[in-house]
There are 2 protein chains.
Amino acid sequence: MDTKTRNHLSARARVLKALAHPARLAAVDELAKGERCVCELQQIIGSDMSTVSRHLAILREAGVVTDDKRGNQVFYSLRVPCILNFFSCVESVLQASAEQSAQVLG
Amino acid sequence: MDTKTRNHLSARARVLKALAHPARLAAVDELAKGERCVCELQQIIGSDMSTVSRHLAILREAGVVTDDKRGNQVFYSLRVPCILNFFSCVESVLQASAEQSAQVLG
DNA sequence: TTTGTATTTGTCCATATTGCCAAATACACA
DNA sequence: TGTGTATTTGGCAATATGGACAAATACAAA
């Protein structure tokens with residue numbers, strides 16, 4: 001594997017890693033409905049405000065969301081719309097797993 | 001957020017987490033071309049055989065790949081084909097990031 | 001059965017992630 | 001300027017992850 005390929009895989013992995021957390025997925029789901037401030041996202045996620053802020057920073061650094069400071073609030077929004085249909089395949093994986101489990105059990 | 005939603009997010013996160021590693025992405029890329037034994041994947045990934053085996057176990061447990069033991073070899077293959085086009089959005093994230101960096105720099 | 005090859009598992013260590021509290025910062029408004 | 005609200009950052013402890021080596025396991029072939 002050459003260096004270019006390696007770097008590309010690392011870049012892809014970074015994006016996936018940023019998404020690979022329940023709290024961050026919850027944030028993305030909510031942001032799919034539109035721009036939200038940190039306090040709104042905190043209510044949904046339910047963790048400490050500082051924890052939510054850190055999760056959002058991870059999504060921002062990965063390029064998944066952008067932030068916009070207005071007044072004393074910071075509004076986050078999805079930067080890449082396709083992130084949404086993007087999950088349909090993850091669902092397929094889950095569904096295939098469920099079917100297999102059902103087979104094993106049944 | 002109710003328990004059902006929470007569980008669903010965790011399940012999605014598990015799949016993404018399984019994919020969120022350069023070595024495992026390399027394996028998925030290679031498996032996109034067809035079934036491969038562990039030793040073939042090891043040559044591409046370049047880590048210790050035991051490390052590769054562990055990565056494959058993670059993908060298997062997440063439902064991304066299946067394994068088939070034939071003779072004294074184990075052949076892995078993609079279980080859910082859509083995993084592939086699935087990455088086009090990750091690419092969009094990367095491209096958007098690159099454009100933004102270019103703007104900042106330029 | 002013995003030998004060799006392919007793969008997995010046990011163990012250990014280094015590093016990364018997560019989450020909380022407390023403190024710092026940013027900003028609006030009085 | 002001082003006060004209150006929103007958000008981020010510093011620091012710490014608990015837990016998870018990643019990778020290597022060695023040992024165990026599975027199987028084929030001699």
Side-chain angles (χ1 to χ4, degrees), chain A residues 1 6-7 9-28 30-31 34-77 79, chain B residues 1 6-7 9-28 30-31 34-77 79:
Chain A
M1 222 171 14
R6 209 175 294 274
N7 287 342
L9 290 172
S10 296
R12 284 205 292 181
R14 263 194 298 280
V15 176
L16 291 168
K17 203 168 176 179
L19 292 167
H21 189 287
R24 297 195 288 268
L25 286 180
V28 168
E30 182 63 19
L31 292 176
E35 193 183 57
R36 293 286 186 275
C37 69
V38 182
C39 55
E40 287 171 311
L41 295 170
Q42 193 224 334
Q43 297 211 323
I44 283 156
I45 294 171
S47 307
D48 192 273
M49 172 75 94
S50 67
T51 299
V52 173
S53 175
R54 287 218 149 94
H55 281 308
L56 292 170
I58 288 169
L59 288 172
R60 179 170 15 88
E61 281 154 29
V64 176
V65 303
T66 35
D67 58 337
D68 182 22
K69 173 170 273 185
R70 294 202 300 276
N72 59 349
Q73 286 181 303
V74 179
F75 292 90
Y76 280 85
S77 50
R79 197 157 71 100
Chain B
M1 220 172 15
R6 209 175 293 276
N7 287 340
L9 291 171
S10 296
R12 283 206 292 183
R14 264 194 297 282
V15 176
L16 291 168
K17 203 168 176 179
L19 292 167
H21 189 286
R24 296 196 287 268
L25 285 179
V28 168
E30 181 64 19
L31 292 177
E35 194 183 57
R36 294 286 186 275
C37 68
V38 182
C39 55
E40 287 171 311
L41 295 170
Q42 192 223 334
Q43 298 213 321
I44 284 155
I45 294 172
S47 308
D48 193 272
M49 171 76 92
S50 67
T51 299
V52 173
S53 176
R54 287 219 149 92
H55 281 308
L56 292 170
I58 288 168
L59 289 172
R60 180 172 13 91
E61 280 155 29
V64 177
V65 303
T66 34
D67 59 337
D68 182 22
K69 172 169 274 185
R70 293 202 300 274
N72 59 349
Q73 286 181 303
V74 178
F75 292 90
Y76 281 84
S77 51
R79 197 156 73 99

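This structure is a prediction, so every number in the text was calculated from the model and none was measured. The sequence lines fix the lettering, A, B, ..., with proteins before strands; numbering per chain opens at 1.
Remark: Y76(A) is in phosphate contact with dT8(D), judged by side-chain N or O atoms under 4.0 Å from OP1 or OP2. A close approach under 4.0 Å does not occur between any side-chain nitrogen or oxygen of K17(A) and OP1 or OP2 of dA16(C).
Between F75(A) atom CZ and dT5(D) atom C1' the separation is 13 Å, expressed in whole Å. Taking atom CG of D67(B) as the reference point, atom C1' of dA26(D) lies 14 Å away to the nearest angstrom. When the C1' atom of dT5(C) is taken as reference, atom CD of Q73(B) falls 9 Å away, rounded to whole Å. Rounded to whole angstrom, the span from the NE2 atom of H21(A) across to the P atom of dA16(D) amounts to 12 Å. dA6(C) atom P lies 10 Å from atom CD of Q42(B), rounded to whole Å. What separates CD of E61(B) from P of dT17(D) is a distance of 11 Å, to the nearest Å.
Nearest heavy-atom pair, L56(A) versus V65(A), reported as atom, atom and distance to 0.1 Å: O-CG2, 4.1 Å. Counting all heavy atoms, side chain and backbone alike, E35(A) lies closest to D68(A) at OE2-OD2, 4.4 Å. What you find for A18(B) and R24(B) is that their closest heavy atoms are O-NE, 2.5 Å.
Residues R36(B) and I44(B) fail the side-chain proximity criterion, which asks for heavy atoms closer than 4.5 Å. With contacts defined as side-chain heavy-atom distances shorter than 4.5 Å, the pair C39(A)/M49(A) qualifies. By the 4.5 Å heavy-atom criterion applied to side chains, H21(A) and H55(A) are counted as neighbours.
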Can you check nucleotides 25-30 of chain C for protein contacts, nitrogen or oxygen pairs under 3.5 Å, and list what you find?
none

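Heavy-atom distances under 4.0 Å link DNA chain D to M49(A), S50(A), S53(A), R54(A) of residues 43-58 of chain A, given in residue order.
A cation-pi contact, defined as under 6.0 Å to the ring centre and within 45° of the axis, is absent between R60(B) and Y76(B).
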Query raised in the report: Where do D67(A) and V38(A) land on the side-chain contact (heavy atoms from CB on, under 4.5 Å) test, with the steps shown first?
Result: CA-CA 10 Å; D67(A) 58 337; V38(A) 182; over 6 Å; no

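The distance from the CZ atom of R14(A) to the CG atom of L9(A) is 11.0 Å, given to the nearest 0.5 Å.
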